[in-house]
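Following: one structure in C-alpha cells, then a few remarks.
Not measured: the values here are computed from a predicted model. In what follows, chains carry the letters A, B, and so on, assigned in the order in which the sequence lines appear, proteins first and then strands, with residues in each chain numbered from 1.
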Protein chains: 2
Amino acid sequence: MNEHVHDTADLTKNQTLVMGALTRSKGPLSAYTILDQLRDNGFRAPLQVYRALDKLVEFGLVHRLESLNAFVACRHPGCDGDDTIAFMICERCGQVNEITDTALAARLKQLAGEASFALKKTTIELRGLCRTCQAA
Amino acid sequence: MNEHVHDTADLTKNQTLVMGALTRSKGPLSAYTILDQLRDNGFRAPLQVYRALDKLVEFGLVHRLESLNAFVACRHPGCDGDDTIAFMICERCGQVNEITDTALAARLKQLAGEASFALKKTTIELRGLCRTCQAA
DNA sequence: GCAATCTTGTAATGAGATAACGTCACACAC
DNA sequence: GTGTGTGACGTTATCTCATTACAAGATTGC
C-alpha cells in the first residue's frame, strides 16, 4: 500500500464522500458534522464516517486536530511525507493553517533523542487569532 | 487572583481531592477515572471533577493532554509560568514527561509572528516509547 | 441582616468514539 | 467455477468524555 497517497482516484465511495465534505469545508469538521452532511448520501451511523476518516488519515489526506476533536483536509502545498506539522487554529473564524518547519522538527527530534524517547507521532497545535480576526 | 499558583493551601475541598488523586497517580488520569477514585470522598457526578479540573488547569497546577483527553499534575521543576510545554507521552507505560525548551518556544513564537497569528495557547504532545519501554 | 459572589450538588443530556455482529463484493488460487 | 481470503460496508448497541440547566449552601463585604 502506498505510504503517502495524494491521489483521490483509488478511494472508496465512502472515503470519497468524506473527503469531499472536508475539502468543501473552510475549516475543520467533527465526525458527527460530517455524518449530518452526508445523510442524504446514505450515511446513517458514526462508524461509517470514522472508518473513512481512519483511512484518509492513514493516507495523509486528512489530519486530525486533537485539541478540537475534529478533522481537516490536508492543505499542505508540498506534503512530502513530513509528519511534523504544526497547526495554527483561529479560535474566532475556525480557519486552520498548516505549517512545516525544519528547525522546529529538528529541535523536537533532538529533544526526544536527548531523552532517549522513540518518537512516533507529533502533535503541535497553536490556538489564537488569525491576522484578519485580530482586527475585530 | 494569583496568575500562577503553586501553593495548594488555598484550594477548595474538591480541588484538593482532585489534585491529590492526580499527584498520587504515576500517569495521566481521565476525569471519569478521578471520579471513580473519589466516590468514597463523596464525589457523585462528573461535573464535580470537571469544575475542580478547570480551576486547577487555570492555576497551572494541572495540564490537560489533548491527545489523551486526560489530565496530569504539573511536575515541571521550575514551573515559571512558561506556557509552552511539550509532553512526551509513552504509549506503553503511560508515563508523561514534561519539557520546556526556550529554542522550541522561540521558534514557535517566531512562526506565529511571521503569520501575524496572535498566539494564545500552545499544545505540543509527542507520542512514542520511553527509554525503559523500548527494551521490551 | 442582606445582597453579591463563589462553590457545590444533582439530574439530564449532548458529543465523540468504538465493539460486536453480520453481509457483500472482489481477487486469486486451485 | 468453486472455494477462500480479504477488505469495505451496514446496523445496533454501548462506551467514554464533557456540558447545560437548575437549585442549594457558603463566604465576604457593607
Side-chain angles (χ1 to χ4, degrees), chain A residues 1-2 5 8-22 25 27-59 61-72 89 91 94 123 125 127, chain B residues 1-2 5 8-22 25 27-59 61-72 89 91 94 123 125 127:
Chain A
M1 185 172 293
N2 199 324
V5 185
T8 57
D10 48 356
L11 295 179
T12 68
K13 184 187 158 214
N14 283 4
Q15 288 163 15
T16 305
L17 287 167
V18 169
M19 192 67 207
L22 284 171
S25 168
L29 297 177
S30 77
Y32 278 69
T33 303
I34 295 172
L35 174 59
D36 285 339
Q37 290 189 10
L38 295 181
R39 294 224 181 253
D40 294 341
N41 297 95
F43 274 59
R44 320 216 68 198
L47 202 48
Q48 295 175 287
V49 180
Y50 281 110
R51 282 203 272 236
L53 284 172
D54 281 349
K55 285 296 177 187
L56 292 171
V57 168
E58 185 184 323
F59 297 156
L61 288 168
V62 167
H63 301 296
R64 179 193 172 100
L65 299 175
E66 302 285 354
S67 65
L68 294 178
N69 292 327
F71 301 83
V72 281
I89 305 167
E91 293 184 329
T123 301
E125 299 181 13
R127 309 286 291 265
Chain B
M1 187 172 293
N2 198 323
V5 186
T8 57
D10 47 356
L11 296 179
T12 68
K13 183 188 158 211
N14 283 4
Q15 287 162 14
T16 304
L17 286 167
V18 170
M19 191 66 206
L22 284 171
S25 169
L29 296 178
S30 78
Y32 278 70
T33 303
I34 295 172
L35 174 60
D36 285 338
Q37 291 189 9
L38 295 181
R39 294 228 182 251
D40 295 341
N41 297 95
F43 274 59
R44 322 216 70 200
L47 198 49
Q48 295 174 287
V49 180
Y50 280 110
R51 283 204 272 236
L53 284 171
D54 281 349
K55 286 294 178 187
L56 292 171
V57 168
E58 183 185 324
F59 297 157
L61 288 168
V62 166
H63 302 296
R64 179 192 171 99
L65 299 175
E66 303 285 354
S67 66
L68 293 179
N69 292 328
F71 302 83
V72 282
I89 305 167
E91 293 183 330
T123 300
E125 298 181 12
R127 308 286 291 265

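- Here the side chains of N14(A) and N41(A) are not in contact, with every heavy-atom distance at 4.5 Å or above.
- Although no hydrogens or angles enter the test, the distance criterion places no donor-acceptor pair under 3.5 Å between the side chain of T33(A) and the main chain of L29(A).
- Across dT19(D), dG16(C), dA17(C), the shortest atom-to-atom separation from the side chain of S30(A) is found for dG16(C).
- Ranked by how close their nearest DNA chain C nucleotide is to the 5' end, P46(A) and K13(B) are led by K13(B).
- Going from atom CD of E66(B) over to atom C1' of dG16(C) covers 14 Å, rounded to whole Å.
- In this structure, Y32(B) packs face-to-face on the six-membered ring of dC17(D), meeting both the 5.5 Å centre cutoff and the 30° plane limit.
- Taking CD of Q15(B) as the reference point, atom CG of L56(B) lies at 5.5 Å (rounded to 0.5 Å).
- When the P atom of dT10(C) is taken as reference, atom CG of L35(B) falls 12 Å away, rounded to whole Å.
- When distances run from any side-chain atom of R64(B) to the nucleotides dT7(C), dA8(D), dC17(D), the shortest one goes to dC17(D).
- Taking atom CD1 of I34(A) as the reference point, atom P of dA15(C) lies 16 Å away to the nearest angstrom.
- At a cut-off of 3.5 angstrom, counting only N and O atoms as typed in the model, there is a donor on one side and an acceptor on the other between the side-chain of R51(A) and the base of dG10(D).
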| Passes side-chain hydrogen bond (donor to acceptor under 3.5 Å, both in side chains), S67(A) versus R127(A)? Steps please. | CA-CA 9 Å; S67(A) 65; R127(A) 309 286 291 265; 3.1 Å; yes
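- For N69(B), a side-chain nitrogen or oxygen approaches OP1 or OP2 of dA18(D) to under 4.0 Å.
- In this entry the distance linking CZ of F43(A) with C1' of dT11(D) reads 14 Å, nearest Å.
- Atoms CG (N14(B)) and P (dC6(C)) sit 17 Å apart, rounded to a whole Å.
- Between the CD atom of E58(A) and the C1' atom of dG7(D) there is a distance of 12 Å, given to the nearest Å.
- When side chains are defined from C-beta on, L22(B) does not count as touching V72(B), because their heavy atoms never get closer than 4.5 Å.
- Candidate nucleotides dG16(C), dT7(C), dA18(D) were compared by shortest atom distance to the side chain of Y50(B), and dA18(D) ranks first.
- Here the nucleotide nearest the side chain of Q48(B), chosen from dT10(C), dT11(D), dG16(C), is dT10(C).
- The interatomic distance linking L11(B) (CG) with dC6(C) (C1') rounds to 15 Å, in whole Å.
- In this entry the distance linking CG of L47(A) with P of dC21(C) reads 14 Å, nearest Å.
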